[in-house]
Amino acid sequence: MTAKWTQNHPLYLDYQATTPTDPRVVEAMGPFWTNKFGNPHSRNHHYGWEAEDAVEIAREQVADIIGATKKEVIFTSGATESNNLAIKGVAKFYGDQKNHIITVVTEHKCVLESCRALQQDGFDVTYLHVKENGLIDLDDLRAAITDKTLIVSVMAVNNEIGVIQPLKEIGAICRENKVFFHTDAAQAVGKVPLDVNAMNIDMLSISGHKVYGPMGIGALYVRRKPRVRLTPLIHGGGQERGMRSGTLPTPLVVGLGKACELAKKEMAAEAERLHGFRQKLLDGLRERIPEIYVNGDLDNRIPGNLNISFAYVEGEGLMMGLKDLAVSSGSACTSASLEPSYVLRALGVEDELAHTSLRLGMGRFTTEDDIDYAVERIAKEVNRLRELSPLWDMAQAGIDLKSIKWAEH
Amino acid sequence: MAYSKELIDHYENPRNVGAMDDASGDVGTGLVGAPACGDVMKLQIKVSPEGIIEDAKFKTFGCGSAIASSSLVTEWVKGKTLDEAGAIKNTDIAEELALPPVKIHCSVLAEDAIKAAIQDYKSKSGAKDDNQDAAE
């Protein structure tokens with residue numbers, strides 16, 4: 001086992017948090033910081049035109065990865081803004097006709113908080129629960145739709161557990177009921193094939209830095225036929241068809257475009273490669289560590305995600321031992337609340353198991369050696385900490401932990 | 001968040017890990033916290049007839065700060081009388097390990113664990129004393 005990974009240079013296994021910008025993306029962006037610095041909205045000279053041309057190529061590249069046309073893509077600062085704009089923008093535009101929103105308890109905070117903000121403005125919000133595997137029940141969705149329902153917002157891929165919602169089926173239900181369908185696809189773009197027409201998606205949010213593009217850029221797909229109208233959140237010069245004012249950051253836009261182009265080209269091969277890695281990782285861990293549990297559906301899941309509970313070992317304590325691995329945990333020991341991940345809770349994972357979870361995210365720059373290294377390190381550390389764990393002792397002695405009256409603090 | 005050297009040392013090389021026979025009359029056991037909260041400490045003390053803590057062992061389920069806090073207190077209580085051990089404050093633990101504010105609860109739990117172990121020992125030996133009284 002090579003000791004190439006250290007605390008100050010840990011093995012990166014947190015690809016759902018962010019992805020490194022692909023060097024090819026950085027290269028494509030380069031000229032737009034320096035000689036091609038024009039404002040893409042300047043219509044009077046070469047600098048403006050070349051920047052505008054580059055932006056329009058990028059718009060086409062972004063549209064292409066989701067099966068849209070370029071006129072339907074507007075650039076934003078990231079998926080958080082896209083989600084805010086999609087949900088609040090539609091709500092503000094159509095709010096006097098319909099005032100009901102449907103979303104899901106496991107959505108990203110920016111979707112949940114946008115919905116909460118609209119509740120303050122008088123909207124009704126239904127938060128659908130998920131099944132044990134993290135997926136919504138389509139019958140729940142059908143049952144929740146009323147004649148007041150304006151929009152359904154369901155994420156394509158969950159950021160913690162990587163599960164893929166049945167977008168095509170959700171889209172069909174929404175279209176049938178004449179309800180807008182928005183999906184937060186920040187974790188899905190470039191990982192799973194997306195087609196806004198086949199899936200009847202009306203709005204789709206994209207993040208630059210989750211797809212090997214730069215941070216600070218994202219996009220929102222807004223359907224033109226049948227047309228979806230939004231009230232803008234940011235007012236100004238009327239850029240982006242009036243839906244999002246502000247000068248476009250040409251280098252970032254170019255980077256997002258290039259990132260989408262690369263992701264589309266490499267998606268199938270990359271998915272296959274990562275699928276093999278995940279299997280190797282899971283097999284390796286299962287072989288060396290008893291009593292581990294995968295959180296979320298394993299089949300309907302992006303290949304680069306694994307979320308596992310290592311029973312009897314607290315996640316943050318585990319991460320501290322794995323200082324040469326950059327991973328994240330569903331434990332929330334650092335937060336004042338002491339409450340573990342709301343996503344894992346929504347699956348019905350009990351708090352004691354949620355506290356023991358790690359999210360392992362693999363991606364474009366992960367190698368097979370990395371997987372071997374991670375398996376060795378995690379197995380070693382989990383087994384060390386189990387030797388320290390009174391819960392492990394009790395479980396080995398056949399004591400039912402639920403039979404003990406714990407003093408919850 | 002950077003942890004102190006002391007904390008990392010106790011986490012990586014925990015002292016006095018293990019268990020003692022809970023049924024033994026000179027052993028007091030404190031089990032505090034809850035799995036659902038992400039912290040459980042089991043702290044055991046072995047007390048001499050003179051009332052001195054001769055040995056201490058722990059096992060902890062929790063974050064690095066919880067493990068380090070319990071490891072530290074096993075060192076601290078050894079050689080102390082029950083009253084001295086019972087006077088250890090969570091603030092002393094937090095200071096020694098330079099716990100960040102979000103981790104103060106780990107030191108509180110460690111203090112609770114000592115107190116619980118002492119209490120357990122006293123209730124056991126109290127019962128024993130009663131028996132002796134009855135025998136006399």
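Below, chain A is the first sequence line, B the second, and so on; all start at residue 1. Predicted model only: the values in this text are computed from it and were never measured.
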Name every donor-acceptor pair, under 3.5 Å, that has one atom in a side chain of residues 18-25 of chain B and the other anywhere in the protein, sequence neighbours excluded.
unit_1 : atom_1 : unit_2 : atom_2 : d
D21(B) : OD1    : A23(B) : N      : 3.0
D22(B) : OD1    : T29(B) : OG1    : 2.6
S24(B) : OG     : D26(B) : OD1    : 2.5

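For the pair Y11(B) (side chain) and G321(A) (backbone), a donor-acceptor distance under 3.5 Å is present.
Heavy-atom neighbours of chain A within the stretch residues 51-61 of chain B, taken at a separation under 4.5 angstrom, comprise F58(B), K59(B), T60(B), F61(B). Chain A is approached within less than 4.5 Å, heavy atom to heavy atom, by I67(B) from residues 66-84 of chain B, ordered by number.
Here the closest heavy-atom approach between residue A34(B) and residue W406(A) is recorded as CB-CB, 3.5 Å. Heavy-atom minimum distance, P390(A) versus V40(B): CG-O, 3.8 Å. The shortest heavy-atom contact between H355(A) and A36(B) is NE2-O, 2.9 Å.
Top candidate by heavy-atom pairs under 4.5 Å with chain B, chosen from L353(A), D393(A), L318(A), is D393(A).
Residues P14(B) and R384(A) meet the side-chain proximity criterion, which asks for heavy atoms closer than 4.5 Å. No side-chain heavy atom of K42(B) sits less than 4.5 Å from a side-chain heavy atom of L391(A).
Taking a 6.0 Å sphere around NZ of K115(B), one finds it holds more than 12 heavy atoms contributed by other residues, nucleotides or ligands. Within a 6.0 Å sphere centred on CD of E12(B), other residues, nucleotides and ligands contribute more than 12 heavy atoms.
Residue K323(A) touches chain B through its side chain alone, counting heavy-atom pairs closer than 4.5 Å. Heavy atoms closer than 4.5 Å to chain B are found nowhere in L401(A), neither backbone nor side chain.
Annotation: the span from I8(B) atom CD1 to Q7(A) atom CD amounts to 6.0 Å, rounded to 0.5 Å. Rounded to the nearest 0.5 Å, atoms OG (S65(B)) and CD (E316(A)) are 7.0 Å apart. Of the inter-residue distances, the one linking C63(B) atom SG with M319(A) atom CE reads 10.0 Å to the nearest 0.5 angstrom.
Each salt bridge (Lys or Arg N to Asp or Glu O under 4.0 Å) pair with one or both residues in residues 281-293 of chain A, not counting sequence neighbours, appears once here: R288(A)-E376(A).
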